[in-house]
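Whatever order the structure lists ligands and atoms in, that order sets their numbers, starting from 1.
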Amino acid sequence: MIETDHLGEVTRIKMGREYQGRVLYWTAAYLVDGLLIDTGCPHTAEELAGFLEGRHLNLAVNTHHHEDHVGANHLLQQRFKIQIMASRESAPLIGQSPELHPYQELVWGHPIPTKVGILPSQVETESHRFEVVGTPGHCPDHVSLVEMTEGWCFTGDLFISKEPKAMRPEEDIYEIARSMKKLVDLPPEKLILFTGLGNVVEEGREALQSCIDYIQGLSRRVWELERQGLSTGDMVNQLFGRESVLAGLTDGHISSENVVRALLRPEF
Ligand SMILES: [Zn+2]
């Protein structure tokens with residue numbers, strides 16, 4: 001399924017595989033001034049290409065290598081002959097076939113490896129300039145695109161919500177907080193977040209700061225529980241009430257326990 005709407009000059013394209021009448025998990029791409037930011041998941045590649053047919057499209061950028069952000073790369077290269085770019089760290093990962101969990105194959109699908117160019121520090125379109133800001137944490141190769149004049153921040157999967165309660169085991173929660181701080185400190189008076197889940201957050205700086213404060217608060221609590229000798233399972237119950245439902249759906253790949261484990265790793 002694909003749903004699109006316009007937020008000023010930015011077209012939001014929300015995509016997700018439909019299963020028994022409902023969308024399993026939304027992912028989003030954004031089209032602005034001929035620039036496509038992320039390409040959705042493999043299952044929705046044809047729908048995205050259909051939407052883009054006849055529209056102004058020069059270049060696509062992947063914020064990171066995950067399958068729900070690069071899924072239509074191959075098809076878009078073939079059909080529209082456009083250039084696709086990603087960070088120096090992302091490019092080799094996008095160029096190889098990923099190992100995915102069964103739930104990832106079901107929800108998003110398996111991306112065809114593609115050769116992408118290396119992103120420069122800025123991307124220019126006809127009317128806008130986008131700064132490429134390294135924002136690792138969700139994964140090491142993650143970047144965000146920021147249009148300073150408009151205050152637009154395309155944040156991929158850096159910002160999920162103000163209070164994330166589940167994550168993948170490889171995520172670095174303190175690096176996520178540091179990357180968010182990098183965006184908070186940018187010059188624009190107002191930041192608008194365009195997230196990889198398709199949420200547009202008008203009060204972007206405030207939302208990022210609340211997430212940073214939340215992570216710092218969780219960190220203090222988890223280390224206190226560690227001093228008290230609690231197990232990670234008991235810490236999950238103390239901090240979140242119970243394990244996230246996502247843990248059951250993803251065989252534990254996305255879980256609250258991973259948040260606790262990430263908080264218990266040394267900060268540097
Ligand atoms: Zn991701």
Side-chain angles (χ1 to χ4, degrees), residues 12-17 23-30 36-45 48 60-73 84-114 116 119 132-145 153-161 164-180 182-183 193-201 208 211 215 244 246-247 249-256 258-259 262:
R12 169 169 56 183
I13 309 163
K14 286 180 72 178
M15 295 161 279
R17 184 180 195 191
V23 168
L24 292 171
Y25 194 96
W26 287 105
T27 183
Y30 298 94
L36 181 70
I37 298 160
D38 284 327
T39 70
C41 68
H43 285 316
T44 54
L48 176 63
V61 168
N62 300 129
T63 56
H64 61 299
H65 72 283
H66 286 159
E67 65 284 356
D68 49 331
H69 295 259
V70 306
N73 279 16
I84 301 182
M85 302 189 105
S87 72
R88 184 170 299 284
E89 294 78 17
S90 294
L93 298 171
I94 296 168
Q96 66 194 39
S97 184
E99 273 187 36
L100 299 178
H101 293 254
Y103 84 90
Q104 292 172 295
E105 302 274 358
L106 172 77
V107 176
W108 296 302
H110 202 101
I112 299 171
T114 42
V116 298
L119 269 172
V132 178
V133 182
T135 48
H138 172 68
C139 51
D141 58 305
H142 194 289
V143 298
S144 298
L145 262 60
C153 268
F154 296 90
T155 51
D157 284 343
L158 173 67
F159 178 85
I160 305 289
S161 73
K165 293 181 171 58
M167 56 175 41
R168 302 179 185 209
E170 63 272 20
E171 293 192 64
D172 182 336
I173 198 164
Y174 295 117
E175 190 86 72
I176 288 172
R178 285 194 290 276
S179 289
M180 287 182 177
K182 218 190 249 188
L183 298 184
L193 310 184
F194 295 85
T195 77
L197 291 178
N199 298 318
V200 175
V201 184
L208 291 169
C211 190
I215 290 169
S244 165
L246 287 174
L249 296 171
T250 64
D251 284 333
H253 189 227
I254 301 179
S255 71
S256 298
N258 288 334
V259 177

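- At a threshold of 2.8 Å, the Zn ion (ligand 1) has a backbone or side-chain N, O or S atom of His64 nearer than that distance.
- Across Pro140 and Pro136, no two heavy atoms sit closer than the pair O-CB, 3.6 Å.
- His43 places a side-chain N or O within donor-acceptor distance of the main-chain N or O of Glu105, the cut-off being under 3.5 Å.
- Side-chain contact, Asn73 with Thr39: a donor N or O sits under 3.5 Å from an acceptor N or O.
- Among the backbone and side-chain atoms of His142, none of the N, O or S atoms lies under 2.8 Å from the Zn ion (ligand 1).
- Checked against the Zn ion (ligand 1), the N, O or S atom of His66 at the shortest distance is ND1.
- With a cut-off of 2.8 Å, the Zn ion (ligand 1) has no N, O or S atom of His69 in range.
- Side-chain contact, His101 with Asp251: no donor N or O sits under 3.5 Å from an acceptor N or O.
- Residues His142 and Thr135 have side chains that bring a donor and an acceptor to within less than 3.5 angstrom of each other.
- Residue Asp157 counts as close to the Zn ion (ligand 1), with an N, O or S atom under 2.8 Å.
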